[in-house]
Undergrad: 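Mind having a look at this structure? Questions to follow.
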Amino acid sequence: MAMVNRSLVTIDDLSNREIEALFSMADEMSDSMNEQFGVCHGKIMASLFFEPSTRTRLSFETAMHRLGGSVISAVDIGATSLAKGESIADMARVVGSYADIIVIRHPWEGAAKVVADYAGVPVINAGDGGHEHPTQTLCDLSTIKKEKQTIKGLKIALWGDLKYGRTIHSLIYALARFGATILFRPGSGLELPEHIIRKLTTEYTGEFKRYEALGQVVKGRLFPLDAIYMTPSEPHQLAMMPDISVQVELKTGVDALYVTRLQLERLVAKTEGEGLKEDYPVVDKKLLREKEFKRTLVMHPLPRVDELAYELDADQRSMYFKQAARGVPIRMALIALLLGAKEFSISGEVDSFTQKKEYAVYRRDFGVKCANPQCVSVQVTETKYIKPEFKIINKQPLTLRCIYCEHEVHPRYIASSDWHDGTLDNKKYHSADSHWAGKIKPENLILFDSESEAKAHGFKPSRYATARHQGSDEVKVSKEQ
Amino acid sequence: MAMVNRSLVTIDDLSNREIEALFSMADEMSDSMNEQFGVCHGKIMASLFFEPSTRTRLSFETAMHRLGGSVISAVDIGATSLAKGESIADMARVVGSYADIIVIRHPWEGAAKVVADYAGVPVINAGDGGHEHPTQTLCDLSTIKKEKQTIKGLKIALWGDLKYGRTIHSLIYALARFGATILFRPGSGLELPEHIIRKLTTEYTGEFKRYEALGQVVKGRLFPLDAIYMTPSEPHQLAMMPDISVQVELKTGVDALYVTRLQLERLVAKTEGEGLKEDYPVVDKKLLREKEFKRTLVMHPLPRVDELAYELDADQRSMYFKQAARGVPIRMALIALLLGAKEFSISGEVDSFTQKKEYAVYRRDFGVKCANPQCVSVQVTETKYIKPEFKIINKQPLTLRCIYCEHEVHPRYIASSDWHDGTLDNKKYHSADSHWAGKIKPENLILFDSESEAKAHGFKPSRYATARHQGSDEVKVSKEQ
Amino acid sequence: MAMVNRSLVTIDDLSNREIEALFSMADEMSDSMNEQFGVCHGKIMASLFFEPSTRTRLSFETAMHRLGGSVISAVDIGATSLAKGESIADMARVVGSYADIIVIRHPWEGAAKVVADYAGVPVINAGDGGHEHPTQTLCDLSTIKKEKQTIKGLKIALWGDLKYGRTIHSLIYALARFGATILFRPGSGLELPEHIIRKLTTEYTGEFKRYEALGQVVKGRLFPLDAIYMTPSEPHQLAMMPDISVQVELKTGVDALYVTRLQLERLVAKTEGEGLKEDYPVVDKKLLREKEFKRTLVMHPLPRVDELAYELDADQRSMYFKQAARGVPIRMALIALLLGAKEFSISGEVDSFTQKKEYAVYRRDFGVKCANPQCVSVQVTETKYIKPEFKIINKQPLTLRCIYCEHEVHPRYIASSDWHDGTLDNKKYHSADSHWAGKIKPENLILFDSESEAKAHGFKPSRYATARHQGSDEVKVSKEQ
C-alpha cells in the first residue's frame with residue numbers, strides 16, 4: 001500500500017506499520033540531510049495557516065526546502081480571501097490547482113478533512129481546532145521510540161489540558177494503537193472529553209478506568225491521576241483490573257510525562273481561563289525528584305507557558321527540544337512519501353490493539369446537525385455545500401459521531417423514510433429512546449433534534465414520540481460541548 | 001516588439017496580438033510544466049500585496065516557483081514600512097533595487113502605475129483598487145478562447161457588481177478590443193461607471209446602448225439587462241440598432257455569463273452594502289435552465305459569496321475553477337516574457353476594433369486635481385512627489401481623464417499661461433463652458449476647480465467667468481464619484 | 001579569525017578589519033551577481049520579523065535567494081507562538097534546530113543577543129528596539145567608503161532622532177572606531193542618550209563636547225549643532241579643543257549628512273510625538289545650498305516621512321537609494337561568511353581608535369535589575385530564565401551597563417557576599433556612594449535598588465547606608481530612561 005496521493009487528516013489515516021516505516025525513513029533522511037536536497041525538486045507545497053504558529057509552519061516549510069522543493073504560504077486569515085467570505089472547499093480547489101501538496105492549519109474542527117475532500121492533491125492536517133494534530137503525534141511517538149526503542153507496554157502520563165489539546169487527542173489514539181498504558185493527569189476542569197473516551201474504548205482494545213474507581217492504596221501511592229487506560233499484554237490481565245495490578249504496573253515508573261499548556265485560545269469565554277490557570281499542574285525539578293520519574297522522558301509539544309519550568313532545560317530527561325527538532329525529518333519523510341518522491345512497501349496488515357469497526361453512515365440535508373460550534377460542518381460559509389454526515393456508533397442510546405470533528409450527537413427523535421403504502425398517515429416520528437431506534441434500517445433513518453423540526457418536515461408524533469426521560473425540546477449533546 | 005522590461009498596468013498595455021501569443025505560450029508551458037523549471041533560475045519576484053488575496057498572490061508565486069525562480073513577499077500593509085508613512089514611490093525604488101520583477105496589489109487606484117514609474121524593473125498590476133486587474137482578464141479571456149476558439153462576435157454577459165469590480169473593468173476593454181458583444185446585468189446601484197462607458201465608446205469601435213432605449217419586445221424576451229455594447233461585424237449593422245437586430249443577435253444565446261461578487265470592501269459606507277446585497281442577482285440551476293444559457297460558459301473570478309450557487313459546481317458549463325487554474329500558466333508566460341527569459345516576435349500592428357487616439361496632456365502642480373478619493377495621486381503620502389496629470393479627452397464640455405485612476409474630472413474654470421504683453425491685467429480666468437475652452441492651447445491651459453483657487457493664484461474673472469449653468473463653487477465630477 | 005558560526009548582534013562584534021574585508025567581498029559579489037547563485041545552495045535562513053519592515057526583511061531574503069539559499073519567515077507577532085506567551089529563548093532553540101542561520105528583528109532591546117545565546121546557529125540582529133541595527137550600519141559605512149574612499153577623518157553629521165534611532169546608535173560606534181568626526185544635530189527632545197555618550201567616550205579614543213561649551217563664533221558659523229565628537233588625528237589636537245580648531249576642522253565642509261525620521265513607534269506616549277514633530281529639522285534644497293554641504297553625501301536609512309524632501313531625489317549628492325540597494329550585496333557577503341560558504345583570513349589586530357576595556361561582571365538572581373522597560377531582561381516571559389547581568393563600568397559613582405540593552409543602572413545600595421566569620425551580624429548594606437563601593441571585590445558584590453529589598457534579603461543598614469545625597473527610596477537611573 002503506497003502512500004502517494006493520500007492525505008493525513010487524523011493519525012488513524014496511517015497504519016502502525018506505515019508509521020514505523022516513516023520513522024525509519026526520517027532517521028535515514030536525518031543522517032544524510034544534504035543528500036535529500038533535490039528529492040522534491042520542482043514540487044510546490046502550499047502552507048496555509050489560519051491560526052498562529054511558529055514551530056509547525058516553519059518546520060513544514062523547512063522540511064520542504066530541505067527536500068529542494070518550493071513553498072507558497074498564507075499565514076493569516078485577515079490577509080486572505082477567507083476574509084471575503086470564501087468557503088474552505090473553494091479555497092482548497094483553487095490552491096489544489098496550484099500546489100502539489102497542501103498543509104493546512106485551521107481553527108474549525110474538521111476543516112482539514114474538507115480541504116482533503118476538495119483539493120485533489122495530498123493534504124496534511126497541521127491542526128484543526130481542538131480536533132487533531134497528527135504530525136505532532138508522529139514527532140512525539142518517534143521521540144519516544146528513539147529513546148525507549150518501543151511504544152508497546154510503556155506507561156505515558158498525559159499532563160495538563162486534556163480537553164482542548166489537539167496534540168493530546170491524536171497522541172492518545174496512537175498510544176492506544178501501539179499498546180501503551182496511558183495515565184491521565186488533567187488540570188481541573190480540563191479532563192478528557194467524553195467522546196474521546198468513547199472512541200478510545202470502542203475503537204481500540206484497551207480498558208479505560210476512572211481513577212475514583214480504584215482503591216485508596218493506589219491513590220496514595222502515585223501522583224494524582226484522573227483516569228488510566230491499560231492495554232492488556234495478556235488477555236486476562238484486565239479482566240478485573242484490581243488495584244493491586246495497577247500498582248504493580250505503575251511501580252516500575254512512568255516512561256514519559258507529556259506536558260501541555262492550557263489552550264487559552266480554545267476557551268469560549270476568557271473568564272474561564274482564570275480559574276483554570278490557578279489549578280494548573282506544574283512540572284518542575286521537585287516533582288521529577290519522585291522515584292517514579294527517575295527514567296521519565298519529559299515531553300512537551302511547545303510552546304510552553306508556566307507549566308514546565310525552565311530549570312529542567314538542562315536535565316537529561318528533557319526531550320522537548322529534541323521533539324521539536326524531530327519535526328523536520330519526520331515531515332520531510334511524510335511530504336516525500338505523499339508526493340511519491342519516496343516510497344516503501346508495507347503489507348496492509350491490520351494493527352493489533354485496534355478493533356475493526358464498520359459503522360453505518362447517516363447523511364441528510366435536513367434534521368440533526370453537529371452540535372459542536374467549532375465544527376466546520378456548521379459554519380455559515382460551509383453549510384452551502386456540506387451535508388451533515390455521521391457514523392452511527394450506537395443504537396441505544398442512539399449515538400452519532402460527526403465525520404468532520406468526531407464530536408458526538410444524541411438526536412432526540414427518529415423517523416423512517418420508508419413509510420409504507422405511500423400513505424402520509426404513516427409518516428410518523430418516534431422518540432430516539434423508543435424501540436424504533438433498533439428497528440429502522442440505517443439507510444431509512446431520519447433524525448431530528450426537536451419535535452418542531454420533525455413536524456416542519458411533515459412528520460406527526462407516533463405514540464412513541466414521548467421520550468422516557470422528559471426534557472426540554474433541545475439537542476442532547478455530550479457534556480463536553 | 002519584445003515584451004522584456006515592459007510593465008503590465010492596464011490590459012491596454014498589451015496588444016491583441018501579444019495577448020494571443022501569450023496565450024499560446026501559456027498553453028505550451030501548461031503542456032510541458034516540468035520543462036519550465038529553470039526558465040527563471042536565479043531571478044527574484046517581489047510579491048507585494050497590500051490587500052487581502054489568496055488566489056492571485058499564490059498563483060503568481062506558484063508561477064514563479066514553477067519557472068524555478070525565487071519569491072520575496074510582503075502581504076500586509078500593517079507589517080511593512082507603509083505603516084511608517086512611506087510613499088509608494090520610495091517602496092518601489094527600494095524593492096526595484098532588490099527584485100527582478102514586481103507584482104503589486106494595492107487599494108489605491110493608479111498605485112501600480114506609480115510602482116511601474118519608479119521601480120526600474122517590470123511591474124505587474126495584480127489589482128489597484130477598483131481600477132484594473134489585467135492578469136485576471138488574461139485568465140478569463142484565455143478560458144473563453146480555449147472553450148469557444150474565438151472572442152470575436154461572442155456574446156458575453158457581465159453580471160453583478162459592475163461598479164466596483166476591477167476584474168470587470170479590465171475585461172470590458174479587452175472584450176471590446178477583441179470585438180465581442182457585451183451584455184450588462186448589474187445589481188441595482190452597481191451599474192457601470194460613466195467614465196468607463198465613455199472610455200468604451202471613445203477608444204473602441206463598438207456602440208453602447210442603454211437597454212431602456214430599446215423597445216418592449218426585446219425587454220420581454222431576455223433576462224433583464226441594463227445596457228448592451230455591440231461591435232458591428234458589418235459597418236451598417238449598427239447604424240440604427242433597431243430592436244429587431246438586437247433580438248436576432250441575442251437569440252443564438254449567451255456565450256458566457258461572467259458573474260462577480262459584491263465588492264463589499266470598496267463600499268464607502270458599510271450601510272450601503274445592506275441594500276445592495278438584497279437585490280443582488282443570483283446565478284443558479286433554475287436560471288441556467290433558460291434556453292439562452294444552453295451553451296453558456298459560467299465564469300467567476302472568485303472568491304464567490306452567494307451570487308453563484310454551489311449546485312452548479314458539477315455542471316459542465318461551469319468554468320470558474322478552470323479559470324483559477326489557468327492563472328498559473330498564464331502568469332508563468334507573462335513573467336517569463338517580461339523578464340526576457342522567453343520571447344516572441346509580434347508585428348506592431350494596430351488592433352482592429354480600437355480607435356487610435358492622441359490626447360493632449362494637462363499637468364500642473366496646482367489647480368485642478370483628481371476628484372476620486374481612492375486615486376493614488378491625492379493620497380497624503382503621495383502628493384509630496386506626484387503632480388496631477390490628465391488626458392484632455394474632450395474640450396466641450398471640458399473633460400479630463402486622470403492618468404492614474406482613469407476617473408474623469410470636469411474643471412469649472414480655465415485660464416491661459418500665455419497672458420499677453422506681460423501685463424498682469426491680462427491674467428484672467430473664464431468659465432470652462434465659455435468659448436475660451438476651445439481657444440486656449442493645451443500647453444497654455446490652466447484649470448481650476450473653484451474661483452477662489454483661481455484668485456489665489458493671481459487670476460481675475462473675465463466677463464466669461466460666469467458659467468452658463470450656475471452652480472455652487474465646487475468641482476463637478478462624474479456622477480459615479 | 002574566521003567568521004563562520006559567529007553572530008552579529010552589535011556592530012562591535014566585527015573588527016574594523018573584518019568590516020573592510022566584508023565590504024570588499026560585497027563589491028566582488030555585486031560585480032558577479034549571477035555567479036553567487038549556488039553559494040548557499042541547500043542552506044536555510046529563518047527571517048523572523050516581530051516589527052514592521054519592508055526594506056530590511058526583503059533585502060535579507062533577496063540576499064539569501066541571490067546566494068541560492070532558501071528562506072523561511074515569520075513576519076508578525078500576532079501570527080506566531082509569541083502570541084501564546086512563548087519566550088524568545090524557546091523560539092530561538094526551536095528555530096535554530098530548523099534553520100542554518102537566523103535573522104531577527106524584535107521590539108525588545110537585547111532580544112537579538114538572547115536569540116544568539118540560545119539558537120545554536122549564527123544570528124544576525126536586524127534591529128532590536130532602540131538598541132542597534134548593525135547591518136544598516138554596514139550599508140551606511142560601505143556607501144560612505146565607496147564615495148569618499150575612507151571613513152577616517154571624515155565629518156559626518158547625524159540629523160534628527162538621535163534618541164530612539166537604532167541605526168544612529170550602531171553608526172555612532174562604527175564612525176568612532178573608524179576615526180571619523182561626528183556632528184550631532186538632534187530634533188529638540190531627541191538628543192543622544194547619556195549611556196551612549198558614555199560608551200562613546202569610554203570605549204573609543206575621541207572626545208565628546210557639548211556645543212554649548214563652544215564659543216559664539218563657532219555657533220554662528222555652522223548649522224545649529226548639539227554636540228561634536230572628534231577623533232584626534234594628532235594627539236595634541238584635542239588637548240584643549242579650542243573653538244578655533246573646531247572651526248578649522250569644520251570649514252572644509254560636511255562629508256555626509258545622515259538624516260533619520262522620528263521613530264514614532266518608540267515613543268512611550270503618542271502625545272509626546274506631536275511636540276517633537278513640530279520642531280523636527282528638515283533637509284531640503286535650501287539647506288543644501290549652504291557652502292558646507294557642497295560635497296555632502298545626503299544619507300537616510302529610509303523609510304523617510306517629511307524630514308527629507310523629495311526635491312532632492314534627483315540631486316547627485318543623494319545617496320539614500322544607493323544605500324538601500326547596497327543592502328543586498330552587503331547582506332549576501334555577511335550571510336555567506338557566517339555560514340562558512342565564504343571566508344577570508346584577517347589578523348586579530350586591535351582596532352585603532354578603540355580603548356580596550358575589561359569590565360568586571362555583575363550577575364545575580366535578585367537585587368538590582370535593568371531599569372529600561374524595553375529591555376528583554378525585564379519582560380515577563382523572559383525573566384523565567386534570564387538572570388540580570390551587567391558590566392561594572394564605573395565604581396564611583398557606581399555605574400552598571402546591562403549586557404542586553406546597554407542601558408545604564410546606578411544602584412543605590414551595596415553589600416558583600418563575603419561577610420566575615422559567618423556572623424550574620426556582619427551582613428550589612430551600605431550606600432553605593434560610600435567608600436565601600438571601591439572596597440568590595442566585584443565577585444562579592446551584591447547590589448540593591450532599595451533599602452527594603454536589601455532588608456528582605458537579610459541585610460541590615462551599616463552606618464554608611466545613608467547616601468550623601470538624600471533621595472526617595474528609588475532606583476536612580478540615567479536621565480534618558
Side-chain angles (χ1 to χ4, degrees), chain B residues 38 40-50 61 64-65 68-104 106 114-115 117-121 341 365 380-387, chain C residues 33-38 47 49-71 73-79 105 261-265 277 300-314 320-329 331:
Chain B
C40 290
H41 204 59
K43 297 290 183 184
I44 296 178
M45 179 181 94
S47 168
L48 308 176
F49 278 72
F50 299 111
E61 297 186 11
M64 190 58 172
H65 287 306
S70 303
V71 176
I72 53 173
S73 38
V75 295
D76 182 22
I77 197 163
T80 71
S81 288
L82 289 190
K84 298 178 188 164
E86 188 176 35
S87 71
I88 291 177
D90 275 13
M91 182 201 65
R93 266 190 281 214
V94 170
V95 178
S97 73
Y98 301 162
D100 301 299
I101 188 168
I102 295 176
V103 175
I104 175 90
H106 203 284
V114 174
V115 176
D117 287 347
Y118 286 91
V121 297
D365 268 341
V380 65
T381 46
E382 315 304 313
T383 51
K384 293 170 191 168
Y385 65 96
I386 294 182
K387 274 192 201 185
Chain C
M33 203 48 108
N34 290 336
E35 291 164 37
Q36 307 311 318
F37 192 80
S47 169
F49 278 71
F50 298 111
E51 277 195 326
S53 168
T54 309
R55 142 183 15 265
T56 305
R57 181 172 63 84
L58 294 186
S59 89
F60 267 112
E61 296 185 11
T62 299
M64 190 58 173
H65 287 307
R66 294 268 181 236
L67 293 166
S70 303
V71 176
S73 39
V75 294
D76 180 22
I77 196 162
R105 169 167 291 188
R261 71 181 172 86
L262 175 57
Q263 307 282 311
L264 269 178
E265 69 276 26
K277 267 191 209 168
H300 195 298
L302 300 178
R304 63 176 151 180
V305 187
D306 294 312
E307 66 286 346
L308 179 60
Y310 277 82
E311 60 189 11
L312 295 173
D313 290 4
Y320 29 97
F321 293 117
K322 280 193 190 172
Q323 259 169 287
R326 257 333 253 172
V328 175
R331 288 175 175 118

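Computation of the quantities below employed the complete heavy-atom set of this structure, encompassing side-chain atoms and omitting hydrogens, waters and symmetry-equivalent molecules. Everything numeric here is computed off the predicted structure, so don't read it as measured data. A, B, ... follow the sequence lines: proteins, then strands. Residue 1 opens every chain.
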Undergrad: Report the residues that fulfil salt bridge (Lys or Arg N to Asp or Glu O under 4.0 Å) with B/Asp117, sequence neighbours left out, ordered by chain and then residue number.
TA: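 With neighbours one apart ignored, the set is B/Lys113.
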Undergrad: Which atoms of B/Ala46 come close to chain C, meaning under 4.5 Å heavy atom to heavy atom: side chain ones, backbone ones, both, or neither?
TA: neither
Undergrad: Check whether more than 12 heavy atoms from other residues, nucleotides or ligands sit under 6.0 Å from atom NZ of B/Lys384, and answer yes or no.
TA: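 Enclosed.
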Undergrad: Evaluate the side-chain proximity of C/Phe49 to C/Thr56: yes if any heavy-atom separation is below 4.5 Å, no if none is.
TA: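 Yes, their side chains come closer than 4.5 Å.
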Undergrad: Counting heavy-atom pairs under 4.5 Å with chain C, which one of B/Gly96, B/Ser70, B/Ala99 comes out on top?
TA: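 The candidate making the most pairs under 4.5 Å is B/Ser70.
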Undergrad: Is the Lys NZ or Arg CZ of C/Arg331 less than 6.0 Å from the centre of C/Phe60's six-membered ring, within 45° of the axis?
TA: yes
Undergrad: Could you tell me which portion of C/Leu302 (side chain, backbone, both or neither) has an atom closer than 4.5 angstrom to a non-hydrogen atom of chain B?
TA: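 Side chain only.
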Undergrad: Is C/Asn34 in contact with chain B via its backbone, its side chain, both, or neither, using a 4.5 Å heavy-atom distance?
TA: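 Neither part.
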